[in-house]
Amino acid sequence: MKIKIAIGADHGGFELKKALINKLNAEYEILDAGANKFDSTDDYPDFSMPVAQSVSSGKADKGIIICGSGVGACIVANKVPGARASVCHDTYSAHQGVEHDDMNILCLGARVIGIELAFEIANAFLAAKFSGEERHRRRFNKAIEIEKRFLRT
Ligand code: RB5
């Protein structure tokens, strides 16, 4: 069974999302959260939140969100309990973030990196697995405790 990847982007990431989907859809099942057309006035929370929700609910295994810098997308995604998003513009952080921190959403800035590097970073992220080592679980659990402490829903 193919791994399910939720992908979303605002206008800043629209072209990179299209290019990335073209490269990833042979190997992964893609759940495209939009934008479905280029609109220079659209807002990244409208695409970041559905990706984070898909991952948090288990509808998708992992998520990728793209905006101009990756930053706005990441801030929004991390508001959703269960989402663990980070901006990674290098392959080391993209796999180590999963192995040590159980990162489940990769945020990319289409105004920062090009398609080939984005593809390599996405592959590093998608191939990585949480190591489950005790020290990483301990740190992960501390992060989840903080999330629970501030959760109000
Ligand atoms: C949109 O112009 C831009 O601000 C947005 O894509 C993103 O970079 C925010 O972090």
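Start at 1 and go down the list; that is how both ligands and their atoms are numbered. Note that these values count all heavy atoms, side chains included, but never hydrogens, waters or copies made by symmetry. Since the structure is predicted, the reported quantities are computational estimates derived from the model, not experimental observations. Index from 1, following the sequence.
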Exercise. Kindly confirm or rule out a cation-pi arrangement of Lys62 over Phe125, judged by NZ or CZ under 6.0 Å from the six-membered ring centre and within 45° of its axis?
Key: yes
Exercise. Show your reasoning for whether salt bridge (Lys or Arg N to Asp or Glu O under 4.0 Å) applies to Glu147 and Lys79.
Key: CA-CA 9 Å; Glu147 183 176 83; Lys79 302 293 179 202; over 6 Å; no
Quiz item: Do any N/O atoms on Gly70 end up under 3.5 angstrom from N/O atoms on ligand 1?
Solution: no
Self-check item: Identity and separation of the nearest protein heavy atom to atom 10 (O) of ligand 1
Solution: Gly72 N, 2.8 Å
Practice problem: Describe, in one word, how the ring planes of Phe130 and Phe140 are oriented to each other, choosing from parallel (under 30°), tilted (30 to 60°) and perpendicular (over 60°). | Solution: tilted
Exercise. Using a strict 4.0 Å cut-off to heavy atoms of His11, name the atoms of ligand 1 that fall inside it.
Key: 1 (C), 2 (O)
Practice problem: Give yes if a backbone or side-chain nitrogen or oxygen of Asp10 is under 3.5 Å from a nitrogen or oxygen of ligand 1, and no if not. | Solution: yes
Exercise. Please could you name the atoms of ligand 1 that Arg111 approaches to less than 4.0 Å, counting only its heavy atoms?
Key: 1 (C), 2 (O), 3 (C)
Quiz item: Any N or O of Gly68 that comes nearer than 3.5 Å to an N or O of ligand 1?
Solution: yes
Quiz item: Do Ile66 and Tyr28 sit in the same hydrophobic cluster, where Ile, Leu, Val, Met, Phe, Trp and Tyr count as joined when their side-chain heavy atoms come under 4.5 Å apart?
Solution: yes
Quiz item: Cation over ring, Lys23 on Phe119, under 6.0 Å and within 45°?
Solution: yes
